[in-house]
Amino acid sequence: MLARMDAGKPVLAVALNAGKSYSGRPALSRVDNTTPICPDCGTREALDAIGMVAEEQEEIIVEIHKHM
């Protein structure tokens with residue numbers, strides 16, 4: 001982690017799950033509702049919660065990044 005990750009505040013950090021650096025506002029993990037995670041991991045957790053398979057999750061993440 002490169003900076004302290006407080007939910008709601010922009011940070012420069014390394015995503016614990018994905019292992020990639022990101023900057024922006026972290027999401028809260030759905031696992032414990034307290035752990036800040038990168039936005040992509042937050043999206044993956046949300047899509048996983050509705051039963052979406054990993055391949056479809058990645059397609060959605062790619063589309064999100066195209067429009068950022």
Side-chain angles (χ1 to χ4, degrees):
M1 181 174 2
L2 301 176
R4 185 167 175 262
M5 293 187 357
D6 291 322
K9 296 181 181 177
V11 297
L12 174 60
V14 175
L16 300 176
N17 295 343
K20 299 177 185 175
S21 62
Y22 74 96
S23 61
R25 298 183 192 282
L28 283 179
S29 173
R30 289 170 175 256
V31 175
D32 62 10
N33 205 33
T34 59
T35 304
I37 59 176
C38 76
D40 286 351
C41 291
T43 301
R44 285 185 188 94
E45 284 188 8
L47 295 172
D48 187 58
I50 62 168
M52 187 172 290
V53 296
E55 295 81 21
E56 290 177 305
Q57 292 176 23
E58 289 308 311
E59 290 175 12
I60 289 172
I61 299 282
V62 167
E63 282 301 313
I64 290 170
H65 284 269
K66 284 181 185 178
H67 300 282
M68 293 177 81

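These values consider heavy atoms only, across backbone and side chains, with no hydrogens, waters or symmetry-generated copies.
Residues passing the side-chain contact (heavy atoms from CB on, under 4.5 Å) test with His67 are Glu63, sequence neighbours excluded. Not counting sequence neighbours, the partners of Glu58 by the salt bridge (Lys or Arg N to Asp or Glu O under 4.0 Å) test are Arg44.
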Listing, residues 46-55 side-chain donor-acceptor contacts under 3.5 Å, not counting sequence neighbours, or none:
none

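For the side-chain contact (heavy atoms from CB on, under 4.5 Å) criterion with Val62, the lone passing option out of Glu59, His65, Lys66 is Lys66.
Closest non-hydrogen pair, Gly42 versus Ala27, comes out as CA-CB, 4.2 Å.
Annotation: side chain of Ser29 is in contact with side chain of Glu45 (closest heavy-atom distance under 4.5 Å). Using a 4.5 Å heavy-atom cutoff, the side chains of Thr34 and Leu28 are not in contact.
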Is there a side chain to side chain donor-acceptor pair (under 3.5 Å) between Asp32 and Thr35 once you walk through the steps? CA-CA 7 Å; Asp32 62 10; Thr35 304; 2.5 Å; yes
